[in-house]
Each structure stands twice: as structure tokens, then as C-alpha cells.
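Take a look at the structure below.
Position 1 is the first residue of the sequence, and the numbers go up from there. Hydrogens, waters and symmetry mates play no part in the numbers below; they use all other heavy atoms, side chains included.
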Amino acid sequence: MLTPDITTLWVVGFLLLCTFLLNTMVFQPILRIMDARLTAVRGAKELAESASQKAAAAAAEYDHKLNAARGEVYGQMDAMRKSALDQRAELLASTRATVEQELKTAAARVQQESKEARAALDRDASNLAGAIVSRVLGRAS
């Protein structure tokens with residue numbers, strides 16, 4: 001019936017040779033290139049993820065340091081404001097004490113001058129009364 005002849009063996013041999021040659025010269029290099037490319041893509045993705053994580057960590061650290069610096073600056077501003085308010089209060093107290101002392105001194109001086117003026121008016125009134133009486137009595141007599 002069917003007996004294989006030599007051409008069939010040649011065709012089978014040629015197909016096996018072509019398969020071997022195509023596998024070694026075409027398919028395996030293409031598969032190696034595809035594997036290398038896949039490895040490179042994975043490496044790039046991992047590198048990108050690593051860089052993204054580092055950037056996120058750096059941003060978080062920056063925000064933390066920025067908030068800390070803001071807190072420190074606000075603290076310094078509060079301290080300076082408190083110091084200025086304390087100095088203002090001290091200055092007001094000092095000025096108030098000085099004004100009160102000057103008012104007391106002025107009031108005492110006015111009171112003393114008032115006493116002296118009353119005493120002078122009383123003397124002048126007595127002298128004037130005496131002069132008026134002596135004139136009135138001197139003319140009447």
C-alpha cells in the first residue's frame with residue numbers, strides 16, 4: 001500500500017532541518033530579545049515605583065519639616081508678641097506711676113500754694129480791714 005520512499009524521508013529530514021534552523025536562528029533569538037525586553041520593562045517599572053516611593057517619602061518629609069518650621073516661626077512670633085506686650089505693659093505701668101507721682105506732687109504744690117494764697121488773702125484782708133477801719137474811724141473822729 002503505502003510505502004515510504006526516499007523523497008518522503010528527504011522531506012521529513014528537510015522539515016526537521018528547517019525547524020531546527022528556524023528554531024536556533026530565528027525563534028530563539030527573538031524569544032531572547034522578547035525576554036530581555038520584558039526584563040527591561042519590569043526593571044524600569046520597579047525603578048519608577050521605587051522613584052515614586054522615594055519622591056512620596058521626600059514630599060512627606062518636606063511637609064513635615066515645613067510644618068515644623070512654621071510651628072517654630074509661629075512660636076517665635078508668639079514669644080515676640082508676648083514680649084512686646086509685656087514691655088508695653090511695663091512701660092504703661094511705669095508711665096502711669098510717673099504720672100500719678102507727678103499728679104500727687106502737683107496736687108500737693110497746688111494745695112500748698114492755695115494755703116499760702118489764702119494766708120496772704122487773709123493777711124491782706126486783715127490789713128485792708130484795718131486800713132478801712134482806721135480810715136473810717138479816723139474820719140469819724
Side-chain angles (χ1 to χ4, degrees), residues 1-140:
M1 315 254 164
L2 285 175
T3 58
D5 64 0
I6 198 122
T7 57
T8 307
L9 289 177
W10 274 106
V11 170
V12 170
F14 184 69
L15 281 175
L16 288 175
L17 178 66
C18 284
T19 304
F20 176 76
L21 289 176
L22 281 173
N23 188 31
T24 57
M25 296 182 145
V26 176
F27 295 130
Q28 284 184 358
I30 289 176
L31 289 175
R32 275 195 302 262
I33 291 171
M34 288 175 64
D35 286 341
R37 185 174 171 200
L38 183 62
T39 304
V41 168
R42 282 185 189 151
K45 282 184 182 178
E46 290 173 359
L47 185 62
E49 288 176 6
S50 173
S52 175
Q53 289 174 353
K54 286 180 183 178
E61 182 180 354
Y62 171 76
D63 288 340
H64 176 71
K65 286 182 179 181
L66 183 64
N67 289 335
R70 280 184 184 157
E72 184 179 330
V73 167
Y74 290 149
Q76 289 175 355
M77 287 172 52
D78 285 342
M80 289 173 60
R81 185 176 61 233
K82 185 176 184 274
S83 174
L85 288 174
D86 290 345
Q87 287 178 352
R88 177 179 164 226
E90 289 175 11
L91 183 62
L92 283 174
S94 172
T95 303
R96 187 172 287 137
T98 303
V99 167
E100 287 176 2
Q101 183 62 36
E102 288 178 4
L103 281 175
K104 284 181 184 178
T105 304
R109 188 174 47 232
V110 165
Q111 190 175 14
Q112 181 63 33
E113 288 176 359
S114 172
K115 284 181 184 178
E116 289 175 2
R118 281 190 186 137
L121 282 176
D122 285 342
R123 274 186 312 229
D124 289 344
S126 292
N127 290 339
L128 191 59
I132 291 174
V133 168
S134 68
R135 276 194 178 182
V136 169
L137 288 179
R139 287 192 186 170

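Atoms CD and CZ, on Glu102 and Arg109 in that order, are 9.5 Å from each other to the nearest 0.5 Å. Note: Leu38 CG to Ile33 CD1 = 13.5 Å, rounded to the nearest 0.5 Å. For the atom pair Leu22 CG and Leu17 CG, the distance stands at 9.5 Å (nearest 0.5 Å).
Without hydrogens or angle criteria, Thr19 side chain to Leu15 main chain gives a donor-acceptor distance under 3.5 Å. For the pair Thr105 (side chain) and Gln101 (backbone), a donor-acceptor distance under 3.5 Å is present. Formation of a donor-acceptor pair under 3.5 Å by the Thr95 side chain with backbone atoms of Leu91 is found in this model.
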- prompt: Yes or no on side chain to side chain contact (heavy atoms under 4.5 Å, CB included) for Ser83 and Gln87, after CA distance, side-chain angles and deciding distance?
  reply: CA-CA 6 Å; Ser83 174; Gln87 287 178 352; 4.0 Å; yes
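Every pair passing salt bridge (Lys or Arg N to Asp or Glu O under 4.0 Å) that includes a residue from residues 51-61 is listed here, sequence neighbours excluded: Glu61-Lys65.
Under the 3.5 Å distance criterion, with hydrogens and angles disregarded, a donor-acceptor pair is assigned to the side chains of Glu116 and Gln112.
Under the 4.5 Å side-chain criterion, counting only non-hydrogen atoms from C-beta, Met25 is not in contact with Pro29.
For Asp78 and Arg81, the salt-bridge test passes: some basic side-chain N is under 4.0 Å from an acidic carboxylate O. Arg118 and Asp122 are not joined by a salt bridge, as no carboxylate oxygen comes within less than 4.0 angstrom of a charged side-chain nitrogen.
Among residues two or more places apart in sequence or in another chain, the side-chain contact (heavy atoms from CB on, under 4.5 Å) test is passed with Phe14 by Cys18.
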